[in-house]
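Here is the structure we will look at.
Note that the structure is a prediction, hence the values are computed from the model and not measured.
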Amino acid sequence: MKTLLLLLALAAPAATPLLAQTTPSAWTDHRRVLPDKLRQVSVGLTLWHSPNPNYPEPNPEQPGGYVWKHSTMLRAEVGELTIVECGSFIWYDDTGWKQNLTQTPAEFAELFRCPGGRLLPGRTYTFAKNYRFADNARQLYGGDALWYILARDAAGTLYKGMGLIETEATPR
């Protein structure tokens, strides 16, 4: 058993580069600005962040730590919609967009206080404490995050909403 575990441990680092090469990129067409998932989907939601740009500030709950505090809001513009997916892509180096996080409809419903993940037209839904944290000053980095929402109408048409937030590395 110990020999098997040792062989697995030794093989793991060699397998990692192969895994990284076969993992699909979130952004394959570098002639276009949007990640693949968001291309050719009609816009039907408005999504925005405040404050934007966003600067880190000392985190009073963790000495030496920092927090980027912002809220994310969205509104359905094309009628009643049901959430399919919520998430973000992040851009912090010259390799471009990387999938950052994905939330299920249930997670979205909880974070945005949206019962059943159903968006009523013209109503604003808010993720009030959409915060990012750093344990210390060495973890401060700037980057852009492209938040997105995918939702369907009753006829099954898929719509998107997108909102870019600029997170800066230096406190004000």
Side-chain angles (χ1 to χ4, degrees), residues 20 22-57 59 61 66-134 139-169 172:
T22 60
T23 302
S25 172
W27 181 53
T28 60
D29 187 349
H30 293 195
R31 297 168 299 155
R32 304 297 299 267
V33 72
L34 290 180
D36 299 351
K37 182 184 288 191
L38 302 180
R39 291 199 49 244
Q40 299 180 354
V41 177
S42 297
V43 174
L45 302 115
T46 301
L47 190 147
W48 68 100
H49 308 277
S50 182
N52 193 3
N54 193 244
Y55 295 87
E57 57 188 69
N59 184 352
E61 296 182 21
Y66 290 85
V67 59
W68 289 261
K69 293 181 178 181
H70 73 282
S71 297
T72 300
M73 287 73 58
L74 90 134
R75 186 176 55 240
E77 306 292 358
V78 294
E80 186 173 326
L81 300 173
T82 302
I83 294 299
V84 172
E85 182 179 309
C86 172
S88 70
F89 296 94
I90 191 164
W91 187 310
Y92 55 85
D93 64 25
D94 62 3
T95 60
W97 293 120
K98 295 169 186 58
Q99 185 79 48
N100 185 38
L101 62 90
T102 304
Q103 297 167 334
T104 66
E107 290 167 326
F108 169 89
E110 182 180 337
L111 293 171
F112 283 83
R113 288 184 249 127
C114 178
R118 290 187 131 18
L119 302 171
L120 301 176
R123 179 172 172 198
T124 300
Y125 298 88
T126 303
F127 181 0
K129 292 185 176 183
N130 191 357
Y131 295 177
R132 180 164 67 107
F133 298 90
Q139 292 180 343
L140 293 175
Y141 66 90
D144 298 321
L146 179 63
W147 275 77
Y148 69 91
I149 308 288
L150 296 173
R152 291 194 188 281
D153 66 11
T157 303
L158 186 65
Y159 292 96
K160 70 183 170 201
M162 305 172 296
L164 186 68
I165 183 158
E166 300 171 78
T167 53
E168 302 303 329
R172 278 188 161 180

Can you tell me how far apart OG1 (Thr167) and OH (Tyr92) are? Round to the nearest 0.5 Å. 12.0 Å
Nearest 0.5 Å, please: how far is CG in Leu158 from CD in Gln40? 12.0 Å
Within 6.0 Å of CD in Glu57, more than 12 heavy atoms from elsewhere: yes
Does a side-chain heavy-atom distance below 4.5 Å link Asp153 with Tyr159? yes
Minimal heavy-atom distance between Val33 and Trp27, with the atoms involved, is O-NE1, 3.7 Å
side-chain contact (heavy atoms from CB on, under 4.5 Å) between Cys86 and Phe127: does it pass, once the steps are laid out? CA-CA 12 Å; Cys86 172; Phe127 181 0; over 6 Å; no
Please name the pair of heavy atoms, one in Gly116 and one in Ala109, separated by the smallest distance, quoted to 0.1 Å. N-CB, 4.3 Å
Go through Thr46 and Arg75 one step at a time and tell me if the side-chain contact (heavy atoms from CB on, under 4.5 Å) criterion holds. CA-CA 5 Å; Thr46 301; Arg75 186 176 55 240; 4.2 Å; yes
Value for CG (Asn100) from CD1 (Ile90), rounded to nearest 0.5 Å, stands at 4.5 Å
So, do Trp97 and Leu146 sit near enough that their side-chain heavy atoms are less than 4.5 Å apart? yes
Donor-acceptor contact below 3.5 Å, side chain Ser71 vs main chain Ala128: yes
Would you name the heavy atoms of Arg39 and Arg32 that are closest together and state the gap between them? NH2-NH1, 2.7 Å
Residue pair Leu45 / Ile149: nearest heavy atoms and the distance that separates them: CD1-O, 4.0 Å
Would you check if the side chain of Asn52 reaches a backbone N or O of Leu164 as a donor-acceptor pair within less than 3.5 Å? yes
Lys NZ or Arg CZ of Arg132 over Tyr141 ring: under 6.0 Å, within 45°: yes
Is Lys69 close enough and on-axis enough to Phe133, meaning under 6.0 Å and within 45°, for cation-pi? no
Looking at CG of Asn130 and OG of Ser50, how far apart are the two atoms once the value is rounded to the nearest 0.5 Å? 12.0 Å
Where does the angle between the aromatic ring planes of His70 and His49 fall among parallel (under 30°), tilted (30 to 60°) and perpendicular (over 60°)? perpendicular
Taking only residues two or more places apart in sequence or in another chain, which ones pass side-chain contact (heavy atoms from CB on, under 4.5 Å) with Leu140? Pro56, Tyr66, Trp68, Ala134, Ala137, Pro171
Between Thr28 and Asp36, is there a side-chain donor-acceptor contact under 3.5 Å, judged purely by atom types and distance? yes
If you define the side chain from C-beta out and look only at heavy atoms, does anything of Leu150 sit under 4.5 Å from Leu38? yes
Can you name the closest pair of heavy atoms from Leu81 and Ala76 and give their distance? CD1-CB, 4.0 Å
Checking side-chain contact (heavy atoms from CB on, under 4.5 Å) for the pair Trp147/Trp48: CA distance, chi angles, key distance, verdict? CA-CA 9 Å; Trp147 275 77; Trp48 68 100; over 6 Å; no
Non-neighbouring partners of Tyr125 that pass ring pair (Phe, Tyr, Trp, His ring centres under 6.0 Å), sequence neighbours left out: none
Pair Leu119, Leu74 - check side-chain contact (heavy atoms from CB on, under 4.5 Å), show working. CA-CA 9 Å; Leu119 302 171; Leu74 90 134; 3.9 Å; yes
Search all heavy atoms of Val41 against all heavy atoms of Lys160 and return the closest pair with its distance. O-CE, 2.9 Å
From Leu120 CG over to Glu80 CD, what is the distance, rounded to the nearest 0.5 angstrom? 5.5 Å
Using atom types as modelled and distance alone, determine if a side-chain donor or acceptor of Glu107 lies under 3.5 Å from a backbone N or O of Thr104. yes
The criterion is side-chain contact (heavy atoms from CB on, under 4.5 Å); which residues satisfy it with Thr102, sequence neighbours excluded? Glu85, Gln99, Tyr148
Gap between atom CD1 of Ile165 and atom CG of Asn54 - 0.5 Å precision: 4.5 Å
State, without any angle test, whether Arg152 and Thr82 hold a side-chain donor-acceptor pair at a distance under 3.5 Å. no
Is there a donor in the side chain of Thr95 and an acceptor in the side chain of Asp93, or the other way round, less than 3.5 Å apart? yes
